[in-house]
Amino acid sequence: MEERFKSADRPETSEGKQYHIDLKPGDLSPYLLTPGDPGRVDRILKTWDEGKILSFHREYKSATGKFKGIDISALSTGIGGPSLAIAIEESARIGVNTFIRVGTTGSIQKDISLGDIVIINGAVRLDGTSNQYVRVEYPAVASFEVTLALIEACEELGYKYHVGIGASTDSFYTGQGRPGLNNYLPSFAKEIFNDLQIANVMNFEMECAALFTITSIYKLRAGALCVVIANRITNEFEYIGEEKAITVANYAVKILSHWDSIKREKGKEYFYPGLIK
Ligand code: URA
């Protein structure tokens, strides 16, 4: 059936169904896992106690369910800032307030190996999308609560992890210092790798800058963990560790939901370790 949308400014139906993600208020849990890959949504769903696929429109595949008694949802964002920004805008409009990116990444540090988890607490804004929201000096920072929950989840699960700053680009190839077709690599793209490496940036990926910038502007919470599938120093590439990343994200939601209930009970806006003493 053809759907009627309210206006060009607000492409949503009268019941609040959003144009791109094809979801309405109440469809998603406030806790949302946001992988880039739509296929990862199916694999996330398999790890929950119960759940179902909700919709699949363009790059946006969604599922909702329960993990250890907690309502949880997942929505793929596609690759890069532009499609991620749409996913954040539309899912926030229907009630999501906490986002966890479950991604893959390339390490640019010697001690960060294939299969390791990186928890990204801030992003170098080499993307274009975040610049369309706010001036360049605005930092792309993760929620400290989501970051802490991701750390606690890795500790509980015994997974090797690193915490720090990542770099988000709009180009997987030249933007991350990889040669393009016929070895095309302009001088600025050659320099980027070394410049970031000596500044202790952990990794390259393509979504955190937009995710952290947009959620900070809107006072929403976001954090990110990625599993390392490329090591740019040893020049290895292997698609491994996706299940590990999904497990960490699920556990982080369980932990956050627990902390949020303590905050509510104690009338606190922010979580801090003394609250669970
Ligand atoms: N994703 C990226 O953006 N870069 C990599 O090297 C691997 C995954």
Side-chain angles (χ1 to χ4, degrees), residues 33-41 43-44 59 76-85 87-88 99-131 140 142 150 159-181 183-186 188-197 199-214 222-246 248-249:
L33 308 190
T34 55
D37 175 7
R40 198 168 302 143
V41 171
R43 297 188 287 277
I44 288 172
E59 57 267 69
S76 55
T77 63
I79 293 178
S83 60
L84 173 129
I88 304 306
F99 299 84
I100 300 183
R101 165 160 158 66
V102 192
T104 55
T105 192
S107 155
I108 61 170
Q109 295 297 336
K110 240 190 356 253
D111 62 330
I112 304 183
S113 313
L114 287 189
D116 286 2
I117 299 283
V118 293
I119 296 172
I120 301 162
N121 62 10
V124 184
R125 288 174 50 193
L126 300 176
D127 67 319
T129 304
S130 66
N131 295 340
L150 290 168
Y159 293 161
K160 187 174 167 209
Y161 66 96
H162 311 261
V163 184
I165 293 172
S168 306
T169 65
D170 272 353
S171 149
F172 179 86
Y173 289 96
T174 54
Q176 298 184 6
R178 286 187 173 92
L181 188 62
N183 281 330
Y184 173 75
L185 199 59
F188 63 83
K190 280 187 190 138
E191 282 163 12
I192 192 78
F193 187 95
N194 203 36
D195 286 353
L196 294 171
Q197 194 182 44
N200 278 321
V201 171
M202 300 186 296
N203 64 297
F204 278 120
E205 54 76 63
M206 300 181 68
E207 289 82 17
C208 284
L211 174 65
F212 297 163
T213 303
I214 296 167
L225 83 148
C226 291
V227 63
V228 176
I229 61 163
N231 185 314
R232 300 294 306 287
I233 296 164
T234 58
N235 207 11
E236 299 164 282
F237 191 102
E238 195 180 340
Y239 194 82
I240 50 169
E242 186 191 57
E243 335 66 54
K244 235 166 46 176
I246 292 171
V248 172

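Keep in mind that what you see is a predicted model, and the values were worked out from it rather than measured. Ligands are counted one by one from 1 in listed order, and the atoms in each one are counted from 1 as well. Residue numbers count from 1 along this sequence.
- Atom SG of Cys208 and atom CD1 of Ile165 lie 12.0 Å apart (nearest 0.5 Å).
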Name the atoms and distances for all side-chain donor-acceptor pairs under 3.5 Å in residues 110-119, with sequence neighbours left out.
residue, atom, partner, partner atom, Å
Asp116, OD2, Ser113, N, 3.0
Asp116, OD2, Lys160, NZ, 3.0
Asp116, OD2, His162, NE2, 2.8

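- Partners of Glu242 according to the salt bridge (Lys or Arg N to Asp or Glu O under 4.0 Å) rule, which considers only residues two or more places apart in sequence or in another chain, are Arg40, Arg43.
- The environment of OH in Tyr173 is sparse: at most 12 heavy-atom neighbours from other residues, nucleotides or ligands sit within 6.0 Å.
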Output, or 'none' if empty, a list of ligand 1-protein atom pairs in which both atoms are N or O and the distance is under 3.5 Å, rounded to 0.1 Å.
residue, atom, partner, partner atom, Å
ligand 1, 3 (O), Gln176, NE2, 2.9
ligand 1, 4 (N), Gln176, OE1, 2.8
ligand 1, 6 (O), Arg178, NH1, 3.4
ligand 1, 6 (O), Arg178, NH2, 2.6

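- At a threshold of 4.5 Å between non-hydrogen side-chain atoms, the residues Leu126 and Leu196 count as touching.
- A search for salt bridge (Lys or Arg N to Asp or Glu O under 4.0 Å) contacts involving Arg101 returns Glu205, Glu207, not counting sequence neighbours.
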